[in-house]
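Letters go in sequence order (proteins before strands), and every chain restarts at 1.
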Amino acid sequence: MTTYRSDFLHTLHERGYIHQVSDEAGLDDLFARETVTAYIGFDPTAPSLHAGGLIQIMLLHWLQKTGHRPISLMGGGTGMVGDPSFKDEARQLMTVDTIEANISSIKRVFANYLAYGEGKSDALMINNAKWLRELNYLEFLRDVGRHFSVNRMLSFDSVKTRLDREQSLSFLEFNYMILQAYDFVELNKRYDVRLQMGGSDQWGNIINGIDLGHRMGTPQLYALTSPLLTTASGAKMGKSVNGAVWLNPDMLGPYEFWQYWRNVEDADVGRFLKLYTTLPMDEIARLSAVGGSEINDVKKIFATEVTAMLHGRAAAEAAAEAARRTFEEGGISADLPTVEVPAAELEAGIGVLAAFAEKAGLVASNGEARRQVKGGGLKVNDATVTDEKAVITGRDLSAEGVVKLSLGKKKHVLLKAV
RNA sequence: GGGGGAGUGUCCCGAGCGGCAAAGGGGGCGGACUGUAAAUCCGCUGGCUAUGCCUUCGUAGGUUCGAGUCCUACCUCCCCCA
């Protein structure tokens, strides 16, 4: 099935968001007929979501944009259990405090993509701790647990690696899929949710929710999953030079976020424009037709669009401008990541190794800084460091009052005297 | 409950006669080539106040001049029998 009647599925399809749908025709019909409420769950395993979760947020964004109601579900309850799907081993259990702190930190990003409120298609943010934490064990077993066949649960791909390798899958983790299934039913009762979306690794969990719904008398529920995204060369999305590509600005600044997208592989540009920006399809088609080195201009537009959605248009353009000055003019820009150092300390002189390792954090240790010097990877004000004993002093300050430290060609940090 | 096997450089996989900061690979980082791309080639990939010192091979002890390597106990996982 390639033609959809509903705006929502049509848009998702043409932009490449769809991996699997449980009952395409039925779901399309539902979306064409009424305002639908759908949700995606986010587990609070870190203080911020990262680029890997952006697809999910975009799904909710399009849902709202095509006139329906998105719910972002925070896993304050399920987070206490930990999703074992496709994991090799159990995650460390998180404390309630950590979970709550992570949730409040994660929450902030959503407002950039969704309009929250009380209206018909206004988004809702809900925490499943609300109903999961107060469940009564015996009642839950009798009302919900009796509908689950362990035989069937064991057959899911999501737990297969564990079982095949005969690695332990604790009873605690085993319950995750039951809780997630229960969430779906509960959300249907409370908010008339009909559809759960998620990454392709969530398919089994979502289907469980649909089955549970059948047995507990909900209307027909639906599942829709997005493809597991990898780059053209097969790497997972969301990893960058210094680790994960976090969405929270305090964990990764707009400039570095912009850089991540600026550096995607050529082969990914067309696909990513559709997935990560809201540019119209005809413009994307035009941009995707560009070949050769001109694709660099397309990448800049792409990076700016993605950054603008998350950090705002102004921050995105500042990041683009900072990159232009840094890479195209070889100059410096105040929008590069900046570390402040006391003027007195700078006057006294800072060893290059310490400057790169301790101050700028561009390398992990003095030892690594030393190795990079040997390999010609460190630069101070664009001059390659050749002597590991060199000292940076006030004389190295530029007219703007900063010293530019670079690791390789792409990573720059400014030391600013204060 | 009985018998057998395994846990290695905190990214992963993985070799390791008692002299080991520990082979090899993947990944990552840097360099060259380019277009801030990919592919390819080269180098690096425990820490430090550094011709030396310190910390690493599941955990804790022991044997030894010296232990990843041998012994004991414990933990975890796997296989076979019950």
Practice task
Would you mind reading off the distance between A/Glu265 atom CD and B/A38 atom P, rounded to a whole angstrom?
Solution key: 6 Å
Exercise for the section: Would you check if there is a donor-acceptor pair between the side chains of A/Gln202 and A/Gln196 at a distance under 3.5 Å? Expected result: no
Handout entry: Opposite nucleotide pairing with B/G46, Watson-Crick or G-U, both atom distances under 3.5 Å
Key = B/C54
Handout entry: Distance in angstrom units between A/Glu388 CD and B/C44 P, rounded
Key = 16 Å
Exercise for the section: Searching all strands shown, indicate the nucleotide that pairs with B/C20 (Watson-Crick or G-U wobble; both distances under 3.5 Å). Expected result: none
Practice task
Write down the partner of B/A67 under the Watson-Crick or G-U wobble criteria, each distance required to be under 3.5 Å.
Solution key: none
Fill in the blank from the handout: A/Arg271 atom CZ is separated from B/A37 atom P, nearest whole Å, by 19 Å
Problem - Distance, rounded to the nearest Å, where A/Asn263 contributes CG and B/A37 contributes P - result: 6 Å
Problem - side-chain N/O A/Lys411 vs B/C29 OP1/OP2, d < 4.0 Å - result: no
Atom pairs, N/O to N/O, protein against nucleotides 32-35 of chain B, distance under 3.5 Å?
from  : atom 1 : to       : atom 2 : distance (Å)
B/U34 : O4     : A/Lys409 : NZ     : 2.7
B/G35 : O6     : A/Asp266 : OD2    : 3.3
B/G35 : N1     : A/Asp266 : OD1    : 3.4
B/G35 : N1     : A/Asp266 : OD2    : 2.5
B/G35 : N2     : A/Asp266 : OD1    : 2.6
B/G35 : N2     : A/Asp266 : OD2    : 3.4
B/G35 : N2     : A/Lys299 : NZ     : 3.1
B/G35 : N3     : A/Asn296 : ND2    : 3.2

Exercise for the section: Please tell me if the side chains of A/Phe356 and A/Val413 come closer than 4.5 Å, counting only heavy atoms from C-beta onward. Expected result: no
Exercise for the section: Let me know the distance between CG of A/Asn366 and P of B/C48, rounded to the nearest Å. Expected result: 5 Å
Exercise for the section: Round to a whole Å and report the spacing from CZ of A/Phe356 to P of B/C29. Expected result: 17 Å
Exercise for the section: Return the nucleotide paired to B/U76: Watson-Crick means purine N1 to pyrimidine N3 with N6-O4 or O6-N4, wobble means G-U with N1-O2 and O6-N3, both under 3.5 Å. Expected result: B/A6
